[in-house]
Amino acid sequence: MSGKTAAILRRANTDFVLFVSTYCPYCVRAKRILDSKRLSWADHNLSKDPELQMDVVATTRHRTVPVIFDIRGDEPVFVGGSDDLENYL
(Lines give C-alpha, C1' and ligand atoms only; values in the text may rest on other atoms or scores of the structure.)
Protein backbone atom coordinates (compact mmCIF):
# COMPACT_ATOMS: atom_id res chain seq x y z
CA MET A 1 0.00 0.00 0.00
CA SER A 2 1.36 3.41 -0.94
CA GLY A 3 0.19 6.96 -1.39
CA LYS A 4 -1.73 9.33 0.86
CA THR A 5 -3.94 6.60 2.30
CA ALA A 6 -0.96 4.52 3.39
CA ALA A 7 0.74 7.54 4.93
CA ILE A 8 -2.35 8.34 7.00
CA LEU A 9 -2.62 4.75 8.18
CA ARG A 10 1.08 4.63 9.13
CA ARG A 11 0.83 7.85 11.17
CA ALA A 12 -2.40 6.97 12.97
CA ASN A 13 -2.30 6.29 16.69
CA THR A 14 -5.87 5.05 17.08
CA ASP A 15 -7.57 1.66 16.77
CA PHE A 16 -9.45 2.56 13.58
CA VAL A 17 -9.20 5.07 10.75
CA LEU A 18 -12.34 6.19 8.93
CA PHE A 19 -12.52 8.04 5.64
CA VAL A 20 -15.81 9.96 5.66
CA SER A 21 -17.72 12.74 3.91
CA THR A 22 -19.34 15.88 5.30
CA TYR A 23 -22.91 14.59 5.49
CA CYS A 24 -22.97 10.86 5.98
CA PRO A 25 -25.35 9.06 8.34
CA TYR A 26 -23.44 5.81 7.80
CA CYS A 27 -20.25 7.53 8.97
CA VAL A 28 -22.02 8.70 12.14
CA ARG A 29 -23.26 5.14 12.65
CA ALA A 30 -19.74 3.72 12.31
CA LYS A 31 -18.39 6.20 14.86
CA ARG A 32 -21.16 5.28 17.30
CA ILE A 33 -20.39 1.57 16.87
CA LEU A 34 -16.71 2.19 17.65
CA ASP A 35 -17.58 4.42 20.61
CA SER A 36 -19.90 1.75 22.02
CA LYS A 37 -17.00 -0.73 21.91
CA ARG A 38 -14.67 1.86 23.48
CA LEU A 39 -12.38 1.76 20.45
CA SER A 40 -10.48 4.86 19.39
CA TRP A 41 -10.80 6.29 15.89
CA ALA A 42 -9.69 9.14 13.69
CA ASP A 43 -11.59 10.39 10.67
CA HIS A 44 -10.47 12.08 7.47
CA ASN A 45 -13.01 13.99 5.40
CA LEU A 46 -12.78 13.04 1.72
CA SER A 47 -15.09 15.93 0.77
CA LYS A 48 -12.25 18.30 1.58
CA ASP A 49 -9.50 16.39 -0.23
CA PRO A 50 -10.39 15.04 -3.71
CA GLU A 51 -6.85 13.70 -4.19
CA LEU A 52 -7.17 11.63 -1.01
CA GLN A 53 -10.60 10.40 -2.16
CA MET A 54 -9.10 9.14 -5.44
CA ASP A 55 -6.29 7.42 -3.54
CA VAL A 56 -8.70 5.72 -1.12
CA VAL A 57 -10.80 4.42 -4.04
CA ALA A 58 -7.67 3.22 -5.87
CA THR A 59 -6.44 1.48 -2.71
CA THR A 60 -9.71 -0.19 -1.67
CA ARG A 61 -11.98 -0.19 -4.77
CA HIS A 62 -14.62 1.00 -2.27
CA ARG A 63 -16.49 4.01 -3.68
CA THR A 64 -18.85 4.80 -0.81
CA VAL A 65 -18.23 6.19 2.67
CA PRO A 66 -17.30 5.39 5.28
CA VAL A 67 -14.15 3.52 4.35
CA ILE A 68 -12.90 1.88 7.54
CA PHE A 69 -9.52 0.40 8.43
CA ASP A 70 -8.61 -1.55 11.57
CA ILE A 71 -5.05 -0.60 12.41
CA ARG A 72 -4.64 -2.47 15.70
CA GLY A 73 -2.43 -5.17 14.20
CA ASP A 74 0.89 -5.13 12.37
CA GLU A 75 -0.78 -4.32 9.04
CA PRO A 76 -3.92 -2.23 8.40
CA VAL A 77 -7.02 -4.29 7.66
CA PHE A 78 -9.62 -2.86 5.29
CA VAL A 79 -12.96 -3.51 7.01
CA GLY A 80 -15.36 -1.90 4.52
CA GLY A 81 -18.34 0.29 5.44
CA SER A 82 -20.53 0.62 8.54
CA ASP A 83 -22.45 -2.64 7.96
CA ASP A 84 -19.16 -4.44 7.49
CA LEU A 85 -17.83 -2.89 10.69
CA GLU A 86 -20.79 -4.13 12.67
CA ASN A 87 -20.22 -7.68 11.39
CA TYR A 88 -16.45 -7.38 11.89
CA LEU A 89 -16.73 -6.49 15.55
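Here the structure is a predicted model, which is why all the values come from computation and not from measurement.
For the atom pair CG (N45) and CG (L18), the distance works out to 11.5 Å, reported to the nearest 0.5 Å. Atom CZ of F78 sits about 10.5 Å away from atom OG1 of T5, to the nearest 0.5 Å. To the nearest 0.5 Å, atoms CZ (R63) and CD (Q53) are separated by 9.5 Å.
The 12-atom threshold is not exceeded at CZ of R32, counting heavy atoms of other residues, nucleotides or ligands nearer than 6.0 Å.
Proximity of L85 to F16: side-chain heavy atoms (C-beta onward) are separated by under 4.5 Å at one or more points. R72 places a side-chain heavy atom less than 4.5 Å from the side chain of L39. Considering only heavy atoms from C-beta on, V67 stays 4.5 Å or farther from V57 through its side chain. Under the 4.5 Å side-chain criterion, counting only non-hydrogen atoms from C-beta, F69 is in contact with T60. Using a 4.5 Å heavy-atom threshold, the side chains of I71 and P76 count as touching. Looking at D15 and L34, their side chains never come closer than 4.5 Å, going by heavy atoms from C-beta outward. Between D83 and R29, some side-chain heavy-atom pair lies under the 4.5 Å cut-off.
In terms of heavy atoms, I68 sits closest to A30 at CD1-CB, 3.8 Å.
Ring centers of F19 and H62: at least 6.0 Å apart, outside the cut-off.
A salt bridge links D49 with K4; the closest basic N to acidic carboxylate O contact falls under 4.0 Å.
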